[in-house]
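Order of the sequence lines fixes the chain letters, A, B, ..., with proteins taken first and strands second; residue numbering starts at 1 for each chain. Heavy atoms only: backbone and side chains are in, while hydrogens, waters and symmetry mates are out.
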Amino acid sequence: MLDLKFIRENPQSVKEGIAKKGEVDRVDEVLNLDTKRREIIQRVEVLKGRRNTVSAEVGKLKREGKDAGAIIAEIDGVKNQIKQYDDELSQIETDLNKLLLTIPNIPHPDVPVGKTPEDNKEVSRWGEIVENDFEMKQHWDLVQKLDIIDFERGVKVTGAGFPIYKEKGAKLQRALINFFLDEAATRGYKEIQPPLMINTASATGTGQLPDKEDLMYTIPRDEFFMVPTAEVPVTNIFRDEILSEQQLPIKFCAYTPCFRREAGSYGKDVRGLNRLHQFDKVELVKFVHPEKSYDELESLREDAERLLQLLGLPYRVLLMCTGDMGFTQTKKYDLEVWAPAQKRWLEVSSISNFESFQARRMNIRYKPTGGGKPEIIHTLNGSGLALPRVVAALLEQYQTPEGKVIVPKALHKYTGFEVIG
RNA sequence: GGAGAGGUGGGUGAGUGGCUUAAACCAGCGGUUUGCUAAACCGCCGUACGGGGUCAACUUGUACCGAGAGUUCAAAUCUCUCCCUCUCCGCCA
């Protein structure tokens, strides 16, 4: 959420940011409630001050053994007024807080203004897209022939979107996870194994709640959610804590399965590994000094890009436009890997700066080294990387005319084999 | 699941209705001393939200002792409800 004071002092730029994202503008409602709230605070605080003085007076009189009946009677009416104002105030504050959660983060000035994915800006490309002289198989056909991923039986066991990885398919998953984690470690990310269920406070902290509840699987009896991404448990590690400035930046990496309901996703792009309800991902999370967050965004992007380079998979980098980047981000890059059989780009990483938006919800601050008040830190995260689409692109890219798949060299020490099939 | 104990500023931890402005210690910041480091000593030191102001380093007020409600002129302190943590027992990978 944004700082109320910031909204009060910069209503115009907040409104512009909301318009750019195509979100509903409720700034005027916020300002209205804020004004009302401050009026009541002023009135009720005078009354409370009066009450406190009188109470002190009563205490003094009683200690001296004198009668305090007269001033006690006098303060009676004030008590009722205080109660009325307090009730009104708590109602206003409840409404105001709800409203504040509906104000999106405002985009960075560099971000292209736009509405649809077509307005995203391609900032770079890596690798060469080669046309093979044989007919490439789709990855969903390949995995069936090679018997390394079983979609049908996954449907039986759980449902659509819950594939079963087998033998070299399972080993390839494990190899990629270890490869990603080891590479992250060389870039200074400390490995975390977080809980796979989260509570409502954590889901609110990173912005999944209040209104993205539908994307998560729920455990109603215990009021938990299955993690939709490691971002949630890992970013919440420092909720309600004050870090020291010297600790920053803090960089974590975490492998978790991710569970997403993907309600309302139908159509062609759900084929094979393209869109699943359960998938594996290594997530990179950073807690940084507010002045460094845009530099940290660039280095985070480089860290994620490097993984695709080591795997030899062609990809492009998109700078997401205002309308396509989501509620909580100020600036976001997507990495899209080339799937040569499908002849399309697949998103494998989303790299975002949230500035203070999440950290304010979570109340994560740092104490400046030279003393002074704690300030809200900035948080960032990015996938490094999401597995299924990397696997899809890898299988398609490295298939041979005989229907085998060559394992990229970077993975050999993790897989223990060099060919699938 | 059963029984018990407990939740207090960044940390440890006192505080059973009003001279509490939440003690004390640690950590942190500033200073004195010192060839340097350390030690010692002195001072400062919670957060949030308001008001006033030469909008900053000033001043003033209110709230906050797990959360919420209640009793009272007055609540960290008494009452009720809820949440969480720990210990023991049971079950169990």
Side-chain angles (χ1 to χ4, degrees), chain A residues 1-10 30-101 103 193 195-205 209 219-225 233 236-248 250 287 289 356 359-377:
Chain A
M1 86 185 135
L2 291 175
D3 185 10
L4 179 57
K5 204 178 279 175
F6 179 81
I7 298 176
R8 189 190 301 149
E9 284 162 9
N10 308 277
V30 169
L31 294 177
N32 252 323
L33 279 179
D34 179 47
T35 310
K36 251 199 245 171
R37 178 177 148 271
R38 282 190 294 162
E39 276 170 17
I40 293 173
I41 284 175
Q42 283 182 47
R43 276 186 247 146
V44 77
E45 284 191 352
V46 171
L47 295 177
K48 284 181 178 174
R50 172 97 187 104
R51 183 192 60 189
N52 290 347
T53 326
V54 169
S55 289
E57 192 66 22
V58 171
K60 202 174 153 203
L61 288 174
K62 293 227 166 161
R63 244 174 286 121
E64 290 166 358
K66 293 178 188 160
D67 178 53
I71 53 173
I72 289 175
E74 183 216 353
I75 206 70
D76 209 48
V78 175
K79 279 180 70 186
N80 285 331
Q81 276 178 294
I82 289 175
K83 180 142 178 47
Q84 275 179 25
Y85 280 134
D86 269 346
D87 289 347
E88 204 179 334
L89 192 60
S90 71
Q91 186 57 50
I92 286 174
E93 286 183 339
T94 307
D95 294 346
L96 185 59
N97 283 333
K98 272 192 209 150
L99 208 49
L100 276 175
L101 291 176
I103 306 284
Q193 278 197 25
L196 301 181
M197 294 184 202
I198 50 171
N199 58 28
T200 53
S202 295
T204 307
L209 296 181
I219 316 286
R221 185 171 168 159
D222 299 292
E223 290 187 86
F224 293 150
F225 301 88
N236 274 282
I237 285 174
F238 293 125
R239 175 150 46 84
D240 291 318
E241 292 193 33
I242 298 175
L243 308 167
S244 72
E245 188 171 356
Q246 305 97 285
Q247 283 178 275
L248 303 177
I250 296 172
F287 304 84
H289 191 284
S356 59
R360 184 169 297 105
R361 286 182 174 216
M362 283 180 282
N363 195 27
I364 306 177
R365 293 168 295 170
Y366 75 94
K367 186 137 183 121
T369 309
K373 290 191 181 236
E375 286 179 47
I376 307 278
I377 61 153

Give a yes or no on this: more than 12 heavy atoms of other residues, nucleotides or ligands lie within 6.0 Å of atom CZ of A:R43.
yes
Between A:K79 (NZ) and B:rG70 (P), how many Å, whole number?
11 Å
Of the nucleotides B:rU62, B:rG70, B:rC73, which has the atom closest to the A:I72 side chain?
B:rC73
N/O (side chain, A:R38) to phosphate O (OP1/OP2, B:rG51) under 4.0 Å
yes
Where the side chain of A:P374 is concerned, which of B:rU47, B:rG50, B:rG18 is the nearest nucleotide?
B:rU47
Re B:rU85: Watson-Crick or G-U wobble partner, both distances kept under 3.5 Å, found to be B:rA5
Rounded to whole Å, CD1 of A:I41 lies from P of B:rU62 at a distance of 14 Å
Under 4.0 Å between a side-chain N/O of A:K5 and OP1 or OP2 of B:rA48, yes or no?
no
Establish, with yes or no, whether the OP1 or OP2 oxygen of B:rU62 is under 4.0 angstrom from a side-chain nitrogen or oxygen of A:N52.
yes
Strictly by Watson-Crick or wobble contacts shorter than 3.5 Å, is anything paired with B:rA48, and which nucleotide is it?
B:rU62
Say you pick atom C1' in B:rC83 and the same atom in B:rA69; how far apart are they, in whole Å?
15 Å
Could you check if the base of B:rG9 is syn or anti? Syn means the glycosidic torsion is within 90 degrees of 0.
syn
Before accepting this row, confirm whether a basic side-chain N of the pair A:R37/A:D95 lies closer than 4.0 Å to the acidic partner's carboxylate O.
no
According to the interplanar angle, ranging from 0 to 90°, do the rings of A:F238 and A:F287 count as parallel (below 30°), tilted (30 to 60°) or perpendicular (above 60°)?
perpendicular
Gap in Å between the two P atoms, one belonging to B:rG70 and one to B:rA75, rounded:
13 Å
Given atom CZ of A:R8 and atom C1' of B:rC55, what is their separation to the nearest angstrom?
14 Å
Pairing partner (Watson-Crick or G-U wobble, both distances under 3.5 angstrom) of B:rA40
B:rU32
Hey, does the side chain of A:K83 come within less than 4.0 Å of B:rG70's phosphate (OP1/OP2), counting only N and O?
yes
Quick one: label A:V54 by what it contacts on the DNA or RNA (base, sugar-phosphate, nothing), any heavy atom closer than 4.0 Å.
nothing
Starting at CG of A:N80 and ending at C1' of B:rC73, how long is that distance when rounded to a whole Å?
13 Å
What's the CD1-C1' distance between A:I242 and B:rG28, to the nearest Å?
12 Å
Atom CG of A:L243 to atom P of B:rG28: distance rounded to whole Å?
17 Å
Under-4.0 Å side-chain N/O to phosphate OP1/OP2 contact, A:R51 with B:rA63
yes
Gap between atoms CD and P, on A:E93 and B:rA48 respectively (whole Å):
15 Å
Is a side-chain N or O of A:R239 found less than 3.5 angstrom from the main chain of A:M362, in a donor-acceptor match?
no
How close or far is atom C1' of B:rG10 from atom CZ of A:R365, stated in whole angstroms?
10 Å
Atom CD of A:Q193: over 12 foreign heavy atoms under 6.0 Å:
no
When the P atoms of B:rG52 and B:rU37 are considered, how many whole Å apart are they?
48 Å
Distance-only, no hydrogens or angles: does the A:D34 side chain make a donor-acceptor pair with backbone N or O of A:V30 under 3.5 Å?
no
In Watson-Crick or G-U wobble terms, both distances under 3.5 Å, what is the partner of B:rU79?
B:rA69
